[in-house]
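One structure below.
Atoms considered below: every heavy atom in the structure, side chains included; atoms not considered: hydrogens, waters and symmetry mates.
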Amino acid sequence: MERQCECANRYEAVINSLALFEEINEFFQSGVERGVFEDAPISVPLERQDDHGRVFARWYPDKWYRCRVCGQLWAFIYPEFPALGNVYKLNRDGVPERGSIYWNIR
């Protein structure tokens with residue numbers, strides 16, 4: 001049976017409810033169980049820089065997942081309500097893709 005992925009049809013999301021967190025978490029967990037996704041080591045932090053290029057914030061996502069079908073890398077930041085969570089695509093170097101709300105963050 002050929003594995004298929006939904007990466008091209010999925011987009012980044014702001015996780016603003018427990019129901020959405022559970023849906024996204026189930027999407028990745030069931031994908032791991034089916035062999036579509038694998039846990040990937042988090043190797044690059046996200047950094048926010050000021051206008052002079054100085055880093056003023058650095059953090060790591062809670063999880064990275066790599067699609068074993070298409071190679072897409074995903075970052076998953078769990079919500080800590082009232083703080084929101086996020087899920088978004090990364091390039092192969094672990095940098096948010098252009099167009100992402102995080103694309104200008106390294």
Side-chain angles (χ1 to χ4, degrees):
M1 180 180 194
E2 184 179 323
R3 290 180 294 192
Q4 295 182 358
C5 73
E6 297 178 36
C7 292
N9 299 326
R10 289 274 179 157
Y11 301 93
E12 72 178 31
V14 174
I15 303 169
N16 59 5
S17 71
L18 183 57
L20 182 56
F21 168 73
E22 290 172 345
E23 174 192 333
I24 293 170
N25 194 46
E26 174 61 24
F27 169 75
F28 285 116
Q29 290 303 314
S30 67
V32 168
E33 292 169 7
R34 291 189 331 263
V36 174
F37 290 107
E38 62 185 350
D39 287 332
I42 299 171
S43 59
V44 180
L46 295 171
E47 295 179 339
R48 268 252 138 112
Q49 298 179 357
D50 63 17
D51 293 337
H52 303 288
R54 294 181 297 241
V55 174
F56 66 87
R58 179 179 290 131
W59 70 97
Y60 289 87
D62 293 290
K63 290 286 269 188
W64 275 7
Y65 292 99
R66 183 178 316 283
C67 180
R68 298 174 82 187
V69 177
C70 72
Q72 179 65 60
L73 186 61
W74 292 86
F76 194 3
I77 299 174
Y78 300 154
E80 294 182 21
F81 298 115
L84 305 176
N86 296 90
V87 62
Y88 51 93
K89 295 179 179 182
L90 302 169
N91 69 18
R92 295 186 189 279
D93 296 321
V95 176
E97 292 186 343
R98 186 172 187 87
S100 165
I101 59 172
Y102 292 108
W103 78 268
N104 62 345
I105 299 174
R106 170 72 175 133

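Under the 4.5 Å side-chain heavy-atom criterion for ILVMFWY residues, a single connected hydrophobic cluster contains both Val87 and Val36. If you chain together hydrophobic residues whose side chains sit under 4.5 Å apart, Leu18 and Leu84 never meet in one group. Cluster membership for Val69 and Phe27, using ILVMFWY side-chain heavy atoms within less than 4.5 angstrom, is shared. No path of Ile, Leu, Val, Met, Phe, Trp and Tyr side chains, each step under 4.5 Å between heavy atoms, connects Val14 with Tyr11, placing them in separate hydrophobic clusters. Tyr88 and Phe37 are not part of a single hydrophobic cluster, where members link through side-chain heavy atoms under 4.5 Å apart.
The aromatic rings of Tyr65 and Phe28 sit parallel, their planes meeting at an angle under 30°, below the 60° perpendicular limit. The aromatic rings of Phe21 and Phe76 lie tilted to each other, with the angle between the two planes from 30° to 60°.
Taking both residues in full, the closest heavy atoms of Gly35 and Arg68 are given as O-CD, 3.3 Å, listed atom of the first, atom of the second, then distance. Shown here for Trp64 and Pro41, the closest heavy-atom pair between the two residues is CE3-O, 3.0 Å. Between Ala8 and Lys89 the shortest heavy-atom distance is CA-NZ, 4.3 Å.
Put simply, the side chain of Trp74 does not reach to within 4.5 Å of the side chain of Pro61, judged on heavy atoms. Residues Tyr78 and Ile15 form no side-chain contact, since every pair of their non-hydrogen atoms from C-beta on lies 4.5 Å or further apart. With a 4.5 Å cut-off on side-chain heavy atoms, Asp39 and Lys63 count as touching.
Listed by chain and number, the residues in a salt bridge (Lys or Arg N to Asp or Glu O under 4.0 Å) with Glu22 amount to none (sequence neighbours excluded). Remark: Glu23 engages no residue in a salt bridge (Lys or Arg N to Asp or Glu O under 4.0 Å) (not counting sequence neighbours). A search for salt bridge (Lys or Arg N to Asp or Glu O under 4.0 Å) contacts involving Arg34 returns nothing, not counting sequence neighbours.
The structure places OG of Ser17 at 6.0 Å from CZ of Phe81, a figure rounded to the nearest 0.5 Å.
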